[in-house]
2 protein chains.
Amino acid sequence: MSYSRHQLIALLRKRGIAPTHQRLEIANVLFSRGEHLAADQILTLVNERHAETSKATVYNTLNLFRDCGLIREVIVDPKRVFYDPNTEPHHHLYNVDTSEITDISADDLVVSGMPELPPGMVTEGVDIVVRIRAL
Amino acid sequence: MSYSRHQLIALLRKRGIAPTHQRLEIANVLFSRGEHLAADQILTLVNERHAETSKATVYNTLNLFRDCGLIREVIVDPKRVFYDPNTEPHHHLYNVDTSEITDISADDLVVSGMPELPPGMVTEGVDIVVRIRAL
DNA sequence: GCCAAAGATTGGACTTTGTCTAATCCGGGC
DNA sequence: GCCCGGATTAGACAAAGTCCAATCTTTGGC
Ligand SMILES: [Mn+2]
Ligand SMILES: [Mn+2]
Ligand SMILES: [Zn+2]
Ligand SMILES: [Zn+2]
């Protein structure tokens, strides 16, 4: 689950992303933890030891990683976007009390009866969110 | 699809909501149109003829309606919450280009292989979003 | 119908998440 | 070592939503 510096560099290079110090820090937080994190959590984590990455860079980098297909967004909380280092098709369990997100394998959860799309439209993805809470 | 004034009053009364003028206007926009609308669209629609409802009231009212189970939120767009007058279990087709939302009947779309929940947790709902785009 | 109490509405300040910009910084290639 | 294009940055800005204290409406008891 932990990535070495040059594994991270390889990950970025593979997508044509120049591996700067800040980008590597952000990639490390995302990939080594393997969690679903919001931008402000990433900002905090990346500056934990010693501040060196700005808010603007965190947002720039997350948008870049997303556009390059390195990570994906998870839209479950109206207050903030979560970023997911797992880009394989899969679904989510969302704890509405704690805002914790857990993966559900796409093999386990199967949807049937997909409607036919209006002509000229293509499916970009199917997201299933199981909202759970205590009690 | 259009609701009379006293049908709307009955809808609110059934949930214990006092039917004020502003609440009836907002309920009318939601239920008579039967669309998925964001708060600012509702604010515009409700003040189309003659301004009489404030932003604060629109938000207060949508939160109240949601808490009373009269409407539900649809979380698909990181920029804004959409409000859905249909509280029956159902799913959504989301056009990522236009932000248009269309219903998919829960009878058509079926999920199997729901994971067992962590002990002490209950499912609050299962939301499926099919993201589509042109081309 | 009238009146007070309870509840609803309001403008505007405030918060939060995210974007934009123009200035500076940096590092890989020569 | 220098250069230059790309990356980073502080801080201004924008949009969605919340909060507050003052004011206005609704409502139920008479
Ligand atoms: Mn560091
Ligand atoms: Mn009116
Ligand atoms: Zn995930
Ligand atoms: Zn719907």
Side-chain angles (χ1 to χ4, degrees), chain A residues 5-6 8-10 12-13 15-29 36-47 50-68 70-83 99 101, chain B residues 5-6 8-13 15-29 36-47 50-68 70-84 99 101:
Chain A
R5 179 171 188 79
H6 58 274
L8 291 170
I9 290 176
L12 302 213
R13 283 252 161 79
R15 309 269 175 172
I17 301 168
T20 66
H21 181 71
Q22 287 87 341
R23 287 171 179 172
L24 289 172
E25 295 275 356
I26 293 168
N28 183 47
V29 162
H36 304 81
L37 297 170
D40 76 306
Q41 299 178 299
I42 294 170
L43 180 61
T44 300
L45 287 168
V46 133
N47 287 323
H50 164 66
E52 59 192 9
T53 305
S54 70
K55 182 180 71 152
T57 296
V58 168
Y59 279 102
N60 287 345
T61 301
L62 290 172
N63 289 339
L64 176 70
F65 285 3
R66 186 240 294 124
D67 292 345
C68 294
L70 197 59
I71 61 178
R72 66 134 127 173
E73 294 180 342
V74 181
I75 312 297
V76 283
D77 180 336
K79 293 227 183 303
R80 60 241 222 264
V81 172
F82 286 90
Y83 291 90
S99 289
I101 298 173
Chain B
R5 181 172 188 78
H6 58 274
L8 291 170
I9 291 175
L11 268 184
L12 302 212
R13 283 254 159 78
R15 308 268 176 171
I17 300 169
T20 66
H21 180 71
Q22 286 87 340
R23 288 172 179 172
L24 289 171
E25 296 275 357
I26 293 168
N28 184 46
V29 163
H36 303 82
L37 297 170
D40 76 306
Q41 299 177 299
I42 294 168
L43 180 62
T44 300
L45 287 168
V46 133
N47 287 323
H50 163 65
E52 58 191 8
T53 304
S54 70
K55 183 180 71 151
T57 295
V58 168
Y59 279 103
N60 288 345
T61 300
L62 290 171
N63 289 340
L64 175 71
F65 284 4
R66 186 241 293 122
D67 292 345
C68 294
L70 197 59
I71 62 179
R72 67 135 127 174
E73 294 181 343
V74 180
I75 313 297
V76 283
D77 180 339
K79 292 225 183 304
R80 59 238 223 267
V81 173
F82 286 91
Y83 292 89
D84 191 339
S99 290
I101 298 173

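Note: hydrogens, waters and symmetry copies are ignored here, and every other heavy atom, side chains too, is used. Letters A, B, ... are given to chains in the order of the sequence lines, protein chains preceding strands, and every chain is numbered from 1.
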Next on the checklist: If you compare all heavy atoms of A:Ile42 against all heavy atoms of A:Ile26, which two are closest, and at what distance to 0.1 Å?
Outcome noted: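 Heavy-atom minimum between the residues: CG2-CG2, 4.1 Å.
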
Item to check | Which residues share a side-chain contact (heavy atoms from CB on, under 4.5 Å) with B:Leu11, sequence neighbours left out | outcome: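 In terms of side-chain contact (heavy atoms from CB on, under 4.5 Å), with neighbours along the sequence ignored, B:Leu11 is linked to B:Tyr3, B:Leu8, B:Lys14, B:Phe31.
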
Item to check | Partners passing side-chain contact (heavy atoms from CB on, under 4.5 Å) against A:Thr20 (at least two apart in sequence or in another chain) | outcome: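 If we apply the side-chain contact (heavy atoms from CB on, under 4.5 Å) test to A:Thr20, skipping adjacent residues, the hits are A:Gln22, A:Arg23.
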
Checklist entry - Within the distance-only criterion (no hydrogens, no angle test), does the side chain of B:Asn28 pair as donor or acceptor with the backbone N or O of B:Arg5 below 3.5 angstrom? => result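 Between the backbone of B:Arg5 and the side chain of B:Asn28 there is no qualifying donor-acceptor contact (under 3.5 Å).
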
Checklist entry - With sugar-phosphate meaning primed atoms plus P, OP1 and OP2, does A:Pro19 contact a base, only sugar-phosphate, or nothing at under 4.0 Å between heavy atoms? => result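 Nothing: the residue A:Pro19, judged by heavy atoms under 4.0 Å, touches no strand.
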
Item to check | Any A:Gln22 side-chain N or O less than 4.0 Å from OP1/OP2 of C:dC26 | outcome: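 Answer no for this pair, as no side-chain N or O of A:Gln22 is under 4.0 Å from OP1 or OP2.
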
Next on the checklist: Please determine whether a side-chain nitrogen or oxygen atom of B:Thr20 lies at a distance below 4.0 Å from atom OP1 or OP2 of C:dG7.
Outcome noted: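 Indeed not, no polar side-chain atom of B:Thr20 lies that close.
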
Checklist entry - Reading DNA chain D 5' to 3', which nucleotide is the first, and which the last, to come under 4.0 Å of any heavy atom in chain A? => result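 For DNA chain D, the relevant span reads D:dA7 to D:dA12.
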
Please list every donor-acceptor pair under 3.5 Å in which a side-chain atom of residues 76-83 of chain B meets a protein atom from a residue at least two apart or in another chain.
| unit_1 | atom_1 | unit_2 | atom_2 | d |
| --- | --- | --- | --- | --- |
| B:Asp77 | OD1 | B:Lys79 | N | 2.7 |
| B:Asp77 | OD2 | B:Arg80 | NH1 | 2.8 |

Checklist entry - Taking the side chain as C-beta and beyond, is there a heavy-atom pair between B:Tyr59 and B:Leu43 under 4.5 Å? => result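 In short, these two side chains do not touch, never coming nearer than 4.5 Å.
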
Item to check | Beyond-backbone contact of B:Arg72 with B:Arg66, side-chain heavy atoms, under 4.5 angstrom | outcome: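 No; the side chains remain at least 4.5 Å from each other.
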
Next on the checklist: Please enumerate all residues that pass salt bridge (charged side-chain N to carboxylate O under 4.0 Å, His left out) together with A:Arg15, with sequence neighbours excluded.
Outcome noted: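 Here no residue qualifies.
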
Next on the checklist: Nearest whole Å is fine: how far is C:dG28 P from A:His21 NE2?
Outcome noted: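 The distance from NE2 of A:His21 to P of C:dG28 comes to 13 Å, rounded to the nearest Å.
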
Checklist entry - Could you give the CD1-to-C1' distance, from A:Ile17 to C:dG28, as a whole number of Å? => result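 Atom-to-atom, A:Ile17 to C:dG28, this comes out as 18 Å.
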
Distances for protein N or O near nucleotides 18-20 of chain C N or O, under 3.5 Å:
| unit_1 | atom_1 | unit_2 | atom_2 | d |
| --- | --- | --- | --- | --- |
| C:dG18 | OP1 | A:Val81 | N | 3.1 |
| C:dG18 | OP2 | A:Tyr59 | OH | 2.9 |
| C:dG18 | O6 | A:Lys55 | NZ | 3.0 |
| C:dT19 | OP2 | A:Asn63 | ND2 | 3.2 |
| C:dT19 | O4 | A:Lys55 | NZ | 3.3 |

